[in-house]
Amino acid sequence: MTIKVFSSKAEMAEAAANEAASLIRDAISQRGQARIIAATGASQFDFLDALTKIAAIDWDRVEMFHLDEYVGISNQEPASFCKYLRERLIEKVGIKKYHLLDGTEDPSTVIARVSAQIRKAPIDVAFVGVGENGHLAFNDPPADFDTDEAYIVVNLDEACRKQQLGEGWFPTLADVPRQAISMTIRQIMKAEHILCVAPDARKANAVKTCFQGEVTPMAPASILQRHPNAAIYLDKDSAALL
């Protein structure tokens with residue numbers, strides 16, 4: 001695991017986007033396609049904006065997988081991560097092959113369908129973030145480090161739900177769903193490369209705990225310490241306690 005700290009969020013986002021673009025191009029060059037996992041949330045705004053502005057990526061050869069989604073949220077609601085990915089990535093660059101997690105369908109059906117697709121070939125690069133509670137995807141502490149499933153239904157803890165409220169996705173805490181479909185820790189760790197983009201002062205405690213503490217299910221993103229090709233992108237605010 002490599003930690004990279006930048007003086008501003010904009011510099012961090014540009015550097016992460018450049019590495020992401022390079023990894024996508026390399027995969028296409030070597031295997032004819034790139035298979036990626038895309039994260040969502042407010043922390044990914046600048047990164048995805050920078051990535052979608054980079055020229056010379058053959059997005060027709062990119063297959064995208066969805067990291068997590070709320071159970072019970074339709075893809076028309078403002079908090080929908082399906083809506084987020086369509087507007088901020090898929091439609092901006094014209095990705096044609098993608099696998100979204102439908103929050104209104106039966107979760108077991110969604111999990112079976114997308115799991116079958118993700119297991120067809122290795123993932124070249126996963127884009128992830130870190131929650132204020134240290135979660136990786138929606139794997140809140142204590143995270144399941146052992147399941148071999150690709151996706152599971154998880155219960156969202158109060159810290160996670162308060163983060164979603166604080167980011168402005170929901171009008172009240174009562175509106176934040178209590179469950180989500182999440183890619184599992186082991187499935188994320190199967191990616192050949194992982195780019196973790198985690199800016200902002202509100203992430204500083206989680207960054208310190210996950211990346212300078214012990215690897216533990218109580219700090220889910222700490223598992224990235226064990227990945228051979230994980231790069232952690234921070235701005236000066238999120239890195240302030242390191």
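These numbers come from a predicted model, not from an experiment.
- The minimum heavy-atom distance between H135 and Q164, with the atom names listed, is CE1-NE2, 4.3 Å.
- Counting non-hydrogen atoms of other residues, nucleotides and ligands closer than 6.0 Å to NZ of K162 gives a total of 12 or fewer.
- Residues passing the salt bridge (Lys or Arg N to Asp or Glu O under 4.0 Å) test with E167 are R202, sequence neighbours excluded.
- Salt bridge status for E91 with K96: absent, with no side-chain N to carboxylate O gap under 4.0 Å.
- Across all their heavy atoms, A38 and L85 have their closest contact at CB-CD2, 3.8 Å.
- Not less than 6.0 angstrom separates the ring centroid of F47 from the ring centroid of Y233.
- Between G129 and A39 the shortest heavy-atom distance is N-CB, 4.3 Å.
- Between V154 and N139, some side-chain heavy-atom pair lies under the 4.5 Å cut-off.
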Determine, stepwise, if the pair V197 / Q44 fulfils side-chain contact (heavy atoms from CB on, under 4.5 Å). CA-CA 7 Å; V197 178; Q44 306 301 306; 3.8 Å; yes
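- One finds no salt bridge joining R88 and D49 here, because no Lys/Arg side-chain nitrogen approaches an Asp/Glu carboxylate oxygen to under 4.0 Å.
- Under the side-chain contact (heavy atoms from CB on, under 4.5 Å) criterion, A219 pairs with T209, C210, T216, S222, not counting sequence neighbours.
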Assess the residue pair D68 and M183 against the criterion (side-chain contact (heavy atoms from CB on, under 4.5 Å)); give the C-alpha distance rounded to whole Å, side-chain angles, the decisive distance to 0.1 Å, and a yes or no. CA-CA 6 Å; D68 47 29; M183 189 176 292; over 6 Å; no
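- In R31, the CZ atom is crowded: over 12 heavy atoms of neighbouring residues, nucleotides or ligands sit closer than 6.0 Å.
- Enclosure of atom CD in E14 is not indicated, since only 12 or fewer non-hydrogen atoms of other residues, nucleotides or ligands lie within 6.0 angstrom.
- Remark: R113 engages E105 in a salt bridge, criterion side-chain N to carboxylate O under 4.0 Å.
- Note that NZ of K208 and OG of S238 are 13.5 Å apart. Values are rounded to the nearest 0.5 Å.
- Between F65 and Y151, the ring center distance fails the sub-6.0 Å criterion.
- The shortest side-chain heavy-atom distance between V128 and I37 does not fall under the 4.5 Å cut-off.
- Note: E69 CD to T40 OG1 = 7.5 Å, rounded to the nearest 0.5 Å.
- The closest side-chain donor-acceptor pair between D26 and S29, if any, does not fall under 3.5 angstrom.
- Interatomic distance, Q187 CD to I123 CD1, rounded to the nearest 0.5 Å: 6.5 Å.
- Residues L67 and L101 are not in side-chain contact: their nearest non-hydrogen atoms beyond the backbone lie 4.5 Å or more apart.
- Using a cutoff of 4.0 Å between basic side-chain nitrogens and carboxylate oxygens, K4 and E19 are scored as salt-bridged.
- A side-chain donor-acceptor contact under 3.5 Å links D140 and N133.
- Inspection of the T147 and D144 side chains reveals no N or O donor paired with an N or O acceptor under 3.5 Å.
- You'll find the side chain of Y98 reaches within 4.5 Å of the side chain of R86, heavy atoms only.
- When all heavy atoms are compared, the tightest approach of R161 to L156 is CD-O, 3.6 Å.
- The side-chain heavy atoms of K203 and S43, taken from C-beta on, include a pair separated by under 4.5 Å.
- D58 and R61 are joined by a salt bridge, as a carboxylate oxygen and a charged side-chain nitrogen come within less than 4.0 angstrom of each other.
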